[in-house]
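Note that the coordinates shown come from a computational prediction; the quantities given were computed from them, not determined experimentally.
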Amino acid sequence: MTLKEIVEDDIYGLVGHTLAGRGYDYYASGMVLSLRARGGTITAEVAGSSAPSYTVKIWCDEDGVDGTCTCPYSAGIDVCKHVAAALFEWVYERSDEAPEPAISEVELRRGLENLSKADLVSLLLEAAEESDTVYQKLRIRLERAEATGEKSWIREMKAEIQQLCATDAYGGWEYIDIGTQLDSLLQPLENAEITDGLEIYTYTLEQIQQIDADDEMDNLVAVRDQIYAAIGNLLGDSNYPHDQKRKYFDMLMEIYFDAQRWSDSELGDVIANACCSPEDFDFVLGKVEDRDEWGRAKLLAKLYLQSGQEEAYLEIRRQNLNSDMDYLELADFYQTRGRAREAIEVAEEGLQRLTHKAALYPFLEEQYEAQGAVSHLQRILMAQFTEFPASELYQRLKRVAEAAGTWNTDLKRRLLAPLEERRIYGAELLLADIHIADGDYDKAVALSQGDIGEAALSRIAEGVAETYPEKAIAIYKRIVDDYLAVNGRDRYRAAAQFAAKIKGAYLDILRDEAAWNNYIRGIRFENRRRPALIDEFRNL
């Protein structure tokens, strides 16, 4: 096949119908900036998104037509919409032209690069006078630039953003780079004019929407949230006219109410902080009050609080207390206003009404401790321990009860009963920690005689080693035996680590080197046919 024999069907056969359709759109829009045939090769410059243009090369051989492009998409599969655009340009506009004699592209490029900007402009003007096609392409590009009214750097940045977010330009794991690249690309906007920054940020959000939510990675979500915050900061400039803010407020509120369906967005704070005049608040409040969607109350509360309408804020919050965080935020508000009694009442109401109330315990504990209300503090600590038992919490409760003179055996028994009955996950380890901390070593050793996990056994052995070294050694030996009961280097390595603890107890506490030597010799003799085990125990 020769260049003159290329027809439309060859384009579809090379790139497929989807890319051919995109390539035709590029061709029809005048995106093929230049095209020249020399020898058996077509060279074209096609406008790009993340670069001013891409270089396309097309050739023919006995197998048909083929081509390459310098764009990122083509790097993976060779052919792309830019190749298709150049082929349509050739088939529809140039195929009747005889290819020029072959010339070195390197020589041509070197020559062009040596031309001044004025010479290049003159060259383009001469080409436009000689070729209607060149003239039309230049006219289309100039008209498009004038119609958008955009600054050149804004057009270039939009093109790069569009390319980054184009779902047909990336695949699979490459999505994870989009957020990082966007973040880097948008950095210069920190010093841009308000109008320019808003235009680029909102355009970026539109492009991000093209990416399927299933493919969004954490860094892309992060850069999106940063864009929200940046838009809010720009809108929050008191010198920016309210009338020009409205469309951005509308956009942010639509995103907010949509985002509430699938994520806990911080966009409400952005919207509230962007309001800096009575007109801003009146406009946004009017829009939000007309909505009847989940998230309405949360945004209204932020707006009322930001605009200083405290009674309206309190009313909307009281009407929408559904979680421990709702109660906590309202209690915190009262607290910051010096209304401690009401803060405690709200938090206590949450304890009574809610099933899940973890966030309220620390708040009430802090309030009662500050007031010296020991009986209430003990009540809160006991309720918290019952729901979320922990060794540190037990010790705190014990100190409070001892100071109040209410710590006794019966109270301790009631606290530990659920643990001893194994009604709580991880009860053995928690009991071990409590017994060791209380110095109840006999109870800890008795606990170790039952069917408990390695973590609890190890904790008990470590805790009683100084007082009952022989019992600690016995527990460690039990752990070692459990590991050695099954083959495997990882198990041998773990067994050796616990054997080292046995060695420490024999040598450092009991001062009985002979007993240690007898034990380790026995281990090595009994396992002499397990070379991996012997290797792991070599340094003991």
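Looking at Glu462 and Tyr476, their side chains come closer than 4.5 Å, going by heavy atoms from C-beta outward. Proximity of Tyr394 to Leu430: side-chain heavy atoms (C-beta onward) are nowhere separated by under 4.5 Å. Here the side chains of Leu198 and Ile194 are in contact, with some heavy-atom distance below 4.5 Å. Between Leu397 and Leu411 the shortest side-chain heavy-atom distance does not fall below 4.5 Å. The closest side-chain heavy-atom distance from Arg478 to Asp482 is below 4.5 Å. Under the 4.5 Å side-chain criterion, counting only non-hydrogen atoms from C-beta, Ile534 is not in contact with Arg530. Looking only at side-chain heavy atoms (C-beta outward), Leu540 and Ile523 stay at 4.5 Å or farther from each other. Between Val270 and Ile231 there is no side-chain heavy-atom pair separated by less than 4.5 Å.
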Exercise. Tell me, with the steps shown, if Ile452 and Ile460 meet side-chain contact (heavy atoms from CB on, under 4.5 Å).
Key: CA-CA 11 Å; Ile452 65 175; Ile460 293 170; 4.0 Å; yes
Practice problem: Output, in order, the C-alpha distance, side-chain angles, deciding distance and verdict of salt bridge (charged side-chain N to carboxylate O under 4.0 Å, His left out) for Glu345 and Arg339. | Solution: CA-CA 10 Å; Glu345 287 176 354; Arg339 299 162 68 173; over 6 Å; no
Quiz item: Under the side-chain hydrogen bond (donor to acceptor under 3.5 Å, both in side chains) criterion, do Ser307 and Gln309 qualify, and how do the steps go?
Solution: CA-CA 6 Å; Ser307 61; Gln309 302 179 55; 2.9 Å; yes
Practice problem: Check step by step if side-chain contact (heavy atoms from CB on, under 4.5 Å) holds for Gln371 and Ile344. | Solution: CA-CA 11 Å; Gln371 294 181 3; Ile344 291 175; 3.3 Å; yes
Practice problem: Show your working on side-chain contact (heavy atoms from CB on, under 4.5 Å) between Tyr256 and Lys298 and close with a plain yes or no. | Solution: CA-CA 11 Å; Tyr256 171 82; Lys298 188 174 182 179; 3.8 Å; yes
Exercise. Please lay out, stage by stage, how Asp183 and Gln187 fare under the test side-chain contact (heavy atoms from CB on, under 4.5 Å).
Key: CA-CA 6 Å; Asp183 184 49; Gln187 286 299 321; 3.3 Å; yes
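Salt bridge Glu199/Lys158: present, at least one basic N to carboxylate O contact under 4.0 Å. A salt bridge does not link Lys302 with Glu266: every distance from a Lys NZ or Arg NE/NH1/NH2 to an Asp or Glu carboxylate oxygen is 4.0 Å or more. Salt bridge Arg337/Glu310: present, at least one basic N to carboxylate O contact under 4.0 Å. The pair Arg246-Asp250 does not meet the salt-bridge criterion, since no charged nitrogen lies less than 4.0 angstrom from a carboxylate oxygen.
Using modelled atom types, no side-chain atom of Arg291 and backbone atom of Arg296 make a donor-acceptor pair closer than 3.5 Å. No donor-acceptor pair closer than 3.5 Å links the side chain of Ser458 to the backbone N or O of Glu454. For Arg528 (side chain) and Phe525 (main-chain N/O), a donor-acceptor pair under 3.5 Å exists by modelled atom type. Side chain of Asp324 to main chain of Ala359: a donor-acceptor pair is present (N/O by atom type, distance under 3.5 Å, no hydrogens or angles). Under the 3.5 Å distance criterion, the side-chain polar atoms of Asp280 are matched with a main-chain donor or acceptor of Cys276.
The CG atom of Asp326 sits 9.0 Å away from atom CG of Leu330, with the distance rounded to the nearest 0.5 Å. For the atom pair Phe281 CZ and Leu303 CG, the distance stands at 7.0 Å (nearest 0.5 Å). Taken to the nearest 0.5 Å, the CG atom of Leu314 stands 11.0 Å off from the CD1 atom of Ile316. Lys357 contributes atom NZ, which lies 7.0 Å from atom OG1 of Thr355 (distance to the nearest 0.5 angstrom). Annotation: the span from Leu267 atom CG to Asp225 atom CG amounts to 8.5 Å, rounded to 0.5 Å. Leu507 CG to Asn517 CG: the interatomic distance, rounded to the nearest 0.5 Å, is 8.0 Å.
When the options Asp508, Val464, Ile509 are evaluated for a side chain to side chain contact (heavy atoms under 4.5 Å, CB included) with Pro469, the one that passes is Ile509.
Relative orientation of the Tyr248 and Tyr240 rings is tilted, given thresholds of 30° and 60° on the angle between their planes. In this pair, His376 and Tyr368 present their aromatic rings parallel. The plane angle is below 30°, not in the 30 to 60° band. Ring geometry for His242 against Phe283 counts as perpendicular: the plane angle is over 60°, on a 0 to 90° scale with 30° as the lower cut.
The two residues Val374 and Ala404 come nearest to each other via the heavy atoms CG1-CB, 3.4 Å. For the pair Ala515 and Tyr506, the tightest heavy-atom approach, listed with the atom from each and the gap, is CB-CE2, 3.4 Å. Residue His435 comes nearest to Leu447 through the heavy atom pair CD2-CD2, 4.4 Å, listed as atom of the first residue, atom of the second, then distance. When all heavy atoms of Leu415 and Pro418 are compared, the closest pair comes out as O-CD, 3.4 Å. The minimum heavy-atom distance linking Ala432 with Ala456 is given by the pair CB-O, 4.2 Å. In plain terms, the two heavy atoms of Ala495 and Leu484 that are nearest each other are CB-CD2, 3.6 Å.
Among residues at least two apart or in separate chains, salt bridge (charged side-chain N to carboxylate O under 4.0 Å, His left out) pairs with a member in residues 486-501 are Arg489-Asp535, Arg489-Glu536, Asp490-Arg493, Arg493-Glu536. Residues in residues 381-409 take part in these salt bridge (charged side-chain N to carboxylate O under 4.0 Å, His left out) pairs, two or more places apart or across chains: Glu365-Arg396, Glu392-Arg396, Lys398-Asp438. Within the structure, ring pair (Phe, Tyr, Trp, His ring centres under 6.0 Å) pairs that include any residue of residues 296-328 comprise Tyr313-Phe333 (at least two apart or interchain).
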